[in-house]
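Below you'll find the structure I mean.
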Amino acid sequence: MTRTTQRDVVHALVDGYGRTYAAQAGIRLRDTPQPLYQLLVLASLLSARIRADAAVGASRELSQAGMRDPRRMAAATWQQRVDALGRGGYRRYDERTATQLGEGAELVSRRYGGDLRRLRDEAQGDRAQMRRALQDFPGVGPAGADIFLREAQAVWPQASPYIDSKALQGARALDLPPSPARLLRLSDDTDPAVLAAALVRVALDKKAPAAVREAASA
C-alpha cells in the first residue's frame, strides 16, 4: 500500500476545500474598486463570531440589495442594511454591523475616494502597513484585516503569499508544516489565496481533517 505523503494531503485539501470566500459570496474579484470594496464588507462580516455561511449569505444579500460600492452603502438607510443582514441570517450582530457598514463606507469614500487600491499604494505594498490601515475601518480588527489580505492576494501580488495564523491552524490540524513557503511548495503552484482559504476551512470544521486524510489516502 502506498504511503500517503504531505503532498497528497495538500492536494486532497485543495480538491475538497479550495474555494475562496469571495467566490462563495459571488464576488468576481478583480483589482478594481467595486469588488475590492465588496471584499472589505465580506471581511468585516466574517470577522464576527458568527457562522461563515451566515456572513457569506449576508454579503450576498447586501450586494443583491444594491449595496455593492461605498456610495450606495452609505446612501442606504440603516434599516435597509439591517434588513439585508437579517435576510442573510446575520441576525446576532445586525444592528451594530449596519452602523459600522455605513461608517466604513463613508471612510472608504473620504480617505480613499472609494478605491481601496489607494490604501495599497499608500502602504507601498507593505503587508504590515496595509494590515494596520485596514483596521481603521469599523468592525475590521486584526482578524478582518487578515481575511481581506488572505483573499485579496489573488489580485494583489504585493500581499502574496499571505498564509496567516488561522490558515496555519488548519495546517497543524493536518500535520502539515507550519511554513508558508513549504506549504506552497507542497501545493504545486496552487493560487495562495485558494490554498489559504482551504486551510482556514479545515481550521473551522472539526470534521474536515479526517475527511482530507481519507481523500488523500484513497
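Because only heavy atoms are used, hydrogens play no part in the values below, and waters and symmetry mates are left out as well, while side chains stay in.
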Self-check item: Residue pair Arg213, Thr4: steps toward the side chain to side chain contact (heavy atoms under 4.5 Å, CB included) verdict
Solution: CA-CA 9 Å; Arg213 290 193 184 95; Thr4 302; over 6 Å; no
Quiz prompt | Heavy-atom donor-acceptor pair, Glu106 side chain to Glu103 backbone, under 3.5 Å | solution = no
Quiz prompt | Neighbour count above 12 (heavy atom, 6.0 Å) for Glu214 CD | solution = no
Quiz item: Do other residues, nucleotides or ligands put more than 12 heavy atoms under 6.0 Å from the CD atom of Gln124?
Solution: no
Exercise. Flag the pair Asp126 and Arg131 as a salt bridge only when some basic side-chain nitrogen lies within less than 4.0 angstrom of an acidic carboxylate oxygen.
Key: no
Quiz prompt | Atom of Met73, atom of Leu101 and distance for their closest heavy-atom approach | solution = CG-O, 3.7 Å
Quiz item: Between Ser63 and Gln38, do the side chains contain an N or O donor and an N or O acceptor separated by less than 3.5 Å?
Solution: yes
Exercise. May I ask you to say whether Asp94 pairs ionically with Arg91, meaning some side-chain N is under 4.0 Å from a carboxylate O?
Key: no
Quiz item: Within a reach of under 6.0 Å around CG of Asp189, are more than 12 heavy atoms found that belong to other residues, nucleotides or ligands?
Solution: no
Quiz item: Just by modelled atom types, is the Tyr93 backbone N or O under 3.5 Å from a matching donor or acceptor in the Thr97 side chain?
Solution: yes
Exercise. Using a strict cut-off of less than 4.0 Å between a Lys/Arg side-chain nitrogen and an Asp/Glu carboxylate oxygen, indicate whether Asp205 and Lys207 qualify as a salt bridge.
Key: no
Quiz item: Taking it one step at a time, do Leu39 and Ile147 satisfy side chain to side chain contact (heavy atoms under 4.5 Å, CB included)?
Solution: CA-CA 9 Å; Leu39 177 59; Ile147 293 165; 5.7 Å; no
Quiz item: Looking only at side chains, do Asp53 and Gln24 share a donor and an acceptor under 3.5 Å apart?
Solution: yes
Exercise. Say whether Asp146 and Tyr162, considering side chains only, have a donor N or O and an acceptor N or O under 3.5 Å apart.
Key: yes
